[in-house]
Number of protein chains: 2
Amino acid sequence: MRSGPRPGGRSLRVQEAVHAAVTALIDETGREGLTVPQVAARAGVTPSTIYRRWTDMATLMRDVAQRNLRVDCPLKPCGRLSVDLPAWAEMYQEEMDSTPGRAMMRDVLRGWDGTQKACSLFDAVRPTIVSICDAAGEPVTFDVEAVIDAVVAPVLTRILFTDGPLPATLARDAAVAFVARHASGG
Amino acid sequence: MRSGPRPGGRSLRVQEAVHAAVTALIDETGREGLTVPQVAARAGVTPSTIYRRWTDMATLMRDVAQRNLRVDCPLKPCGRLSVDLPAWAEMYQEEMDSTPGRAMMRDVLRGWDGTQKACSLFDAVRPTIVSICDAAGEPVTFDVEAVIDAVVAPVLTRILFTDGPLPATLARDAAVAFVARHASGG
DNA sequence: CTGCTAAAGCAAATAATTTGCTTTTAATGA
DNA sequence: TCATTAAAAGCAAATTATTTGCTTTAGCAG
């Protein structure tokens with residue numbers, strides 16, 4: 001094969017330099033004024049390189065935000081769903097409703113084109129839910145997607161479409177109710 | 001009083017011309033290439049006017065999108081919650097998952113700053129839910145926000161964070177389950 | 001009708017983006 | 001190992017968008 005992507009070597013170095021530059025500039029001057037030429041200068045790279053690889057600032061910031069999308073390590077499961085799921089829900093809400101959580105969502109949604117998914121947000125969450133369910137001795141009678149709909153979805157939509165901080169126990173309460181529903185033979 | 005906003009007269013005319021120009025250009029050339037100078041030319045207005053009033057294209061498009069945020073007139077309620085709510089849910093999902101619905105969300109979220117709400121999406125939905133509940137003979141034992149969390153939230157988050165069209169009966173099923181939960185004395 | 005001022009127009013200055021072409025440099029095969 | 005090749009980067013000129021200082025227009029109150 002002659003053609004194809006060329007991920008190693010210089011390309012990689014440039015990508016890392018640019019990502020690092022964005023990250024550094026964000027916590028020096030905030031993400032508001034940030035421009036492509038600024039990032040390029042900081043990364044020691046030509047603006048046109050950035051434009052050609054990422055098209056614009058929104059796309060670049062979305063790319064960086066996705067990188068920082070870490071799988072949140074949950075508190076150690078104790079084995080009881082009615083304890084572990086609400087505990088995780090509370091932590092998840094705090095994480096998403098925090099300043100960095102909201103910033104991440106902002107960056108990711110700026111680059112959304114309206115057709116494909118904005119980012120694989122749920123792929124980071126599903127394994128955690130699964131591992132909590134696995135840790136539960138009780139056999140599980142529901143789908144992971146149902147948990148997402150019941151506890152993750154309200155958190156995300158309220159962040160986007162309501163003002164002020166979320167009710168502190170929103171996700172926790174949702175998780176408690178969800179477990180209760182499915183414990184009594186749903 | 002001497003100072004204060006000046007909503008009438010020329011300002012209003014300019015605002016309307018600009019909004020109309022955006023709308024017209026969107027369905028002529030799509031929303032992808034759209035620039036401020038283009039809109040200004042079409043509206044018969046100077047670019048600087050637009051920059052000063054809206055700061056940038058994203059903000060302008062968000063403004064226009066919010067205007068088109070109509071209160072969806074629901075099918076006539078028959079009076080039974082277990083029929084009306086699922087029917088409305090299905091319609092709502094279709095509306096939001098459609099091309100214009102997604103476009104509206106895109107425009108609205110582009111202008112989101114991460115702190116305040118992106119738009120009053122729920123204000124358009126709450127009256128509809130309330131009127132459906134009012135039409136129901138049965139006394140209602142739940143909160144409007146609970147309906148939003150249960151049926152609207154999953155639709156919106158899946159549009160944003162999953163690929164492909166939604167499961168056709170997602171919102172309907174959620175509504176059915178919700179009504180069932182609250183009918184049996186929840 | 002007159003004065004006041006928010007908002008619009010205009011145009012020059014600045015900054016960002018695009019683009020054609022050249023150079024560098026991983027990756028491939030001899 | 002070394003020559004070949006093309007993807008990706010650099011550079012700079014051309015284009016386009018954005019900002020800004022100042023001027024003009026036109027609602028609104030008296």
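Keep in mind the model is a prediction, meaning the values are calculated, not measured.
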Side chain of [X] only, heavy atoms from C-beta on: which candidate in [options] is closest?
| X | options | answer |
| --- | --- | --- |
| B:R52 | C:dA7, D:dG21, D:dA8 | D:dG21 |
| B:P37 | D:dA9, C:dG9, D:dA17 | D:dA17 |
| A:T49 | C:dG20, D:dC22, D:dA9 | D:dA9 |
| A:Y51 | D:dG10, C:dA8, C:dT17 | C:dT17 |
| B:S48 | C:dT25, C:dA7, C:dA11 | C:dA11 |
| A:R13 | C:dA26, D:dG27, C:dT17 | C:dA26 |

For the atom pair [atom1] ([X]) and [atom2] ([Y]), what is the distance rounded to the nearest 0.5 Å?
| X | Y | atom1 | atom2 | result |
| --- | --- | --- | --- | --- |
| B:K76 | B:D84 | NZ | CG | 13.0 Å |
| A:D97 | A:M105 | CG | CE | 9.5 Å |
| A:R67 | A:Q15 | CZ | CD | 5.5 Å |

How long is the line joining [atom1] of [X] and [atom2] of [N], in whole Å?
| X | N | atom1 | atom2 | value |
| --- | --- | --- | --- | --- |
| A:Q15 | D:dA9 | CD | C1' | 14 Å |
| B:Q38 | C:dT17 | CD | P | 16 Å |
| B:L12 | D:dG27 | CG | C1' | 12 Å |
| B:L34 | D:dA17 | CG | C1' | 14 Å |

Strictly below 4.0 Å, N to O, side chains only: are A:R126 and A:E145 in salt-bridge contact? yes
Are a donor atom and an acceptor atom from the side chains of A:D56 and A:T59 found within less than 3.5 Å of each other? yes
Assign B:T46 to base, sugar-phosphate, or nothing according to its heavy-atom contacts below 4.0 angstrom with the strands shown. base
Assign B:R53 to base, sugar-phosphate, or nothing according to its heavy-atom contacts below 4.0 angstrom with the strands shown. sugar-phosphate
End-to-end bend of the helix from C:dC1-D:dG30 to C:dA30-D:dT1 (five-pair axes, 10° rounding)? 40°
